[in-house]
Amino acid sequence: MVDDYSALGFETRAIHAGQKPDPRTGAVIVPIYQTSTYAQDGVGGTREGDYEYSRTANPTRTALEQALAALEGARHTLAFASGMAASDAVLRTVLRPGDHLVLGNDAYGGTFRLIDKVLSLWGIEHTVADLSKIDEVRAAIRPETKLIWCESPTNPLLGVADIAALAGVAHDAGARLVVDNTFATPYLQTPLALGADIVVHSTTKYLGGHSDVVGGAVVTDEDDLREQLFYLRNAAGAVPGPFDAWLTLRGLKTLALRMERHSDNAELIAQTLAKHPKVSEVYYPGLPEHPGHEAAAKQMRRFGGMVSFRHADGEEAALEVASRTKLFILAESLGGIESLIEHPGRMTHASTAGSTLQVPADLLRLSVGIEDARDLIADLNAALG
């Protein structure tokens, strides 16, 4: 069997990295090690040096971590119980009371809530900046800045940051750059190769890909940081169960295929919406008129499956569209095989109300699935009237 997967293609790594046939039975799919504890060969004689208790380590979780590290081109991945657990672990590992971070002005509502409402009580301060404007980011840096937290593309306005340029700003200030790569996935973008220090994922989304599992992950090349994150995860206990890890690992195998179809469909839908008289603005990095199109084309393989748009007739009309779609399911989350529609202002980003991150009231966000694009376009056209 292959031991070094680094020179192999993405699709090959997704199927084989960390996933050798089971040595005992020959099973070609990684087993679900549904166990809480492990027999020891004498006191302290743990198998393979890791397996003593499944909060600390589990072979199914190990396989997922090895596979995702291979896809991100990284040395280390740690899996978590959710994307927010992964984000929390990074923030509490890197930051201490009195420290400061720079947060993008269009960030996931849950991330903003964690930083603004929870970590602020711990003495962590933050400044909001438009990460697509490097001078604005530089101006937000303080002597106590330890972190720049970036989403690219952003949630929900699909903004794009130049990751390599942001990494330069962070490192000049002695800070780290964290990139939430949930929207892009490692198939479309590998932030570590662009200079980022840490990558976080909600594996609930595209990596799992089937709306049937919740999870998160942290990816890094730093050995010391990996050990600190591992210690915190073990101490705090925010680990995914073996079946959750297995479901996510299963999803990784078809990630490349799905992201191509997500991108195909999203491009067609964005082009259609851009011409619709009831749509005042479309947010999709694949459109040439998008302000981040050039940066996205430079650092992404394709432009992804997320599209947001504003209704020309205001909030009530947007809410009406969300209630009319038949194939686009009204639901939070994203990245599954099925198409979803949501109203960020009242759903995923309600926590940003009244802040500088508040989203437009007439905004709708689409997670474009892998259905027939003609059916999805017909559904949106009917809902828009």
Side-chain angles (χ1 to χ4, degrees), residues 83 106 108-110 153-159 182-185 188 202 204-214 251 254-255 257-287 290 302-350 359-385:
D106 178 33
Y108 170 52
T154 62
N155 182 6
L157 296 177
L158 283 301
T182 298
F183 272 24
T185 81
L188 300 181
S202 171
T204 308
K205 312 306 194 295
Y206 287 107
L207 300 186
H210 294 75
S211 301
D212 56 9
V213 63
V214 173
T254 60
L255 179 62
L257 299 173
R258 289 185 286 105
M259 292 311 296
E260 287 289 345
R261 183 57 175 264
H262 285 301
S263 297
D264 286 343
N265 285 355
E267 287 171 11
L268 291 171
I269 286 172
Q271 292 164 10
T272 300
L273 290 172
K275 300 173 185 176
H276 200 287
K278 292 294 185 182
V279 175
S280 62
E281 191 166 5
V282 178
Y283 302 91
Y284 185 66
L287 294 174
H290 186 284
R302 294 191 68 182
F303 302 104
M306 300 301 297
V307 179
S308 292
F309 68 96
R310 299 180 69 174
H311 200 294
D313 294 337
E315 181 179 17
E316 291 304 318
L319 293 170
E320 188 70 17
V321 169
S323 70
R324 284 180 179 172
T325 55
K326 306 299 183 184
L327 295 178
F328 280 87
I329 301 167
L330 178 60
E332 297 189 2
S333 199
L334 58 102
I337 53 176
E338 68 291 312
S339 293
L340 303 179
I341 187 170
E342 69 124 359
H343 184 270
R346 297 200 184 189
M347 295 170 71
T348 53
H349 289 68
V359 299
D362 55 7
L363 184 76
L364 291 168
R365 190 191 73 182
L366 305 176
S367 174
V368 181
I370 64 172
E371 303 96 332
D372 189 309
R374 295 168 297 183
D375 297 330
L376 296 177
I377 289 171
D379 189 37
L380 287 171
N381 281 332
L384 284 162

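Please read all numbers here as calculations on a predicted model, not as lab measurements. We number each residue from 1, following the sequence as shown.
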Derivation and outcome, salt bridge (Lys or Arg N to Asp or Glu O under 4.0 Å), residues Asp379 and Lys326
CA-CA 6 Å; Asp379 189 37; Lys326 306 299 183 184; over 6 Å; no
Please walk me through it: do His349 and Leu157 pass side chain to side chain contact (heavy atoms under 4.5 Å, CB included)?
CA-CA 11 Å; His349 289 68; Leu157 296 177; over 6 Å; no
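Of the possible polar contacts, none joining the Glu267 side chain to the Gly286 backbone as a donor-acceptor pair under 3.5 Å is found. Checked by atom type and distance alone, the side chain of Tyr284 pairs as donor or acceptor with a backbone atom of Gly304 at under 3.5 Å. In this structure, Arg302 contributes its side chain and Glu260 its backbone to a donor-acceptor pair below 3.5 Å. Not a single donor-acceptor pair under 3.5 Å links the side chain of His210 to the backbone N or O of Ile337.
Side-chain contact check for Leu158 versus Val307: every heavy-atom pair is 4.5 Å or farther apart. Ile370 has its side chain out of reach of Leu257: every pair of non-hydrogen atoms, C-beta onward, lies at least 4.5 Å apart. Looking at heavy atoms from C-beta onward, Leu334 lies out of side-chain contact with Thr348 at the 4.5 angstrom threshold.
For Ser211, the side-chain hydrogen bond (donor to acceptor under 3.5 Å, both in side chains) partners are Glu338, not counting sequence neighbours. Residues satisfying the salt bridge (charged side-chain N to carboxylate O under 4.0 Å, His left out) test with Arg346, not counting sequence neighbours, are Glu315, Glu316. Shown here are the ring pair (Phe, Tyr, Trp, His ring centres under 6.0 Å) partners of Phe303, two or more places apart in sequence or in another chain: His293.
For an aromatic pair to be called close, the ring centres must be under 6.0 Å apart, and His276 with Phe309 fails this.
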